[in-house]
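Structure, as structure tokens:
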Amino acid sequence: MSSRARRKQIWCVQPLTPLMEGPDFNMQNQEGSKKESSWEVIREWFRVQKSVPGSNNFSMSVYGNNISLAKRQDLRLLLGVLGCPLAPIPISNHPISHLHFKNIPITSAANYIIQQYLAATGCSKKHNSAKNMYTSGVVKMIRCETEVSSGKSVRTLGSRSGENGCFVLWQMSPGMWSLELAVGGNKVLAGSDGKIVWRHTPWLGTHAAKGPQRPLRRIIQGLDPKSTARLFGKAECLGEKRIGEDDCFVLKVAADRDAVIERNEGSAEVIRHVLYGYFSQKSGLLIYMEDSHLTRVQSPDDTVYWETTIGSTIGDYVDVDGVLIAHQGRTIATVFRFGETTIQHSRTRMEEEWRIHDVVFNVPGLSMDSFIPPADIFDAENANTISP
């Protein structure tokens, strides 16, 4: 295990651009010379989808090229949306206070639910204080069809296709994590040293997340109950809702206005980012999580809105050294595009199935040095401080 704990990575210095959450539409070829911003190539993505043979006539050579390009871009879309999304708000570093369960006012309902969750997962016990964590697992990402509506008719573009992959996740408190995800011959790297959140893809290089430091969504969807509890520590309790066969309490957290403004980039403006957690009344465990992310993109022709909704079913909790860890889940994401002045809209649906193979606490040799960001992050920051 010690050989796994410390790893060496070789990074290529590339221009640093802001990390855009939601659909990542910078689908340029790696050998291309022009680097467009992530929102300027949305039309290109739809053009490729529409050019795949179905209603038009193409030669066999064009047919093959378009199919190959569409599949490559579909995979990049999948990795951009489902690969390493972040939660809407930072995790508090303060420990969750223990509440008395008698005579709790209604305003403290969320705190009571979180305390029940900590007890159900075994994290309320004093001896469960892991310093770090290693997780490995497998994923299957599925890109489904895109529905395009013009108001009078609905067209379906693309086809259902899937890719298998695997991931390794390292975590260390407070707020340090590192993810390696490989799917369909592409590898996505992401991490945080507790101050900077970054992501690296072969087609876009290295990106730094704007706004406050926020946790990886994969961590809070059943892998680290304490991080989940801290995230929902100041949540709003919305009441009850039934998920499948379980009656659940619903907790809500949302990024405040100042935080979403920090995440704006150029013509892309983040409107809101909200996360809902569904905790089973019977078991006390988190069994479903859904977040909604809305971005407005200004253009000379129209104002376009992109709403990304990600819902995750969480289950198969297994005891690992006294802590219940979710070992299986399924995520369904929907990217909905609509404009202010046009009735045309589109809806793309994608899925991810994931399963955990290995979880290890207190990995020997894992230290803060294991979470140092790539060198080009700091090179870009220094360049920004010099330039006007």
So if I apply the salt bridge (charged side-chain N to carboxylate O under 4.0 Å, His left out) rule between D247 and each of K282, R242, K241, which one comes out positive?
R242

Against R143, only a single residue in L78, V81, L82 fulfils side-chain contact (heavy atoms from CB on, under 4.5 Å); can you say which?
L78

Testing L286, D319, L285 one by one against T121 for a side-chain contact (heavy atoms from CB on, under 4.5 Å), which residue passes?
L285

Would you check if there is a donor-acceptor pair between the side chains of [Y] and [X] at a distance under 3.5 Å?
X    : Y    : answer
D224 : Q171 : yes
R263 : H273 : yes
H200 : T206 : yes
Y288 : E290 : yes

Can you tell if the side chain of [X] reaches within under 4.5 Å of the side chain of [Y], non-hydrogen atoms only?
X    : Y    : result
V253 : E236 : no
L223 : I325 : yes
I356 : F167 : yes

Are R296 and Y305 in a cation-pi contact, defined as NZ or CZ under 6.0 Å from the six-membered ring centre and within 45° of the axis?
no

I'd like to know whether Q115 forms a side-chain hydrogen bond (donor to acceptor under 3.5 Å, both in side chains) with Y117, so could you lay out the CA-CA distance, the side-chain angles of the two residues, the decisive distance to 0.1 Å, and finally the verdict.
CA-CA 5 Å; Q115 291 298 334; Y117 170 67; over 6 Å; no

Could E265 and K210 be called an ion pair, given the rule that one side-chain N must be under 4.0 Å from one carboxylate O?
no

E269/R257 ion pair, N-O < 4.0 Å:
yes

Let me check something: do [X] and [Y] share a hydrophobic cluster, defined by ILVMFWY side-chain heavy atoms less than 4.5 Å apart, either directly or through other members?
X    : Y    : result
V168 : L366 : yes
V359 : W177 : yes
L181 : W354 : yes

As an exercise, state the distance from OG of S227 to CZ of F232, rounded to the nearest 0.5 Å.
12.0 Å

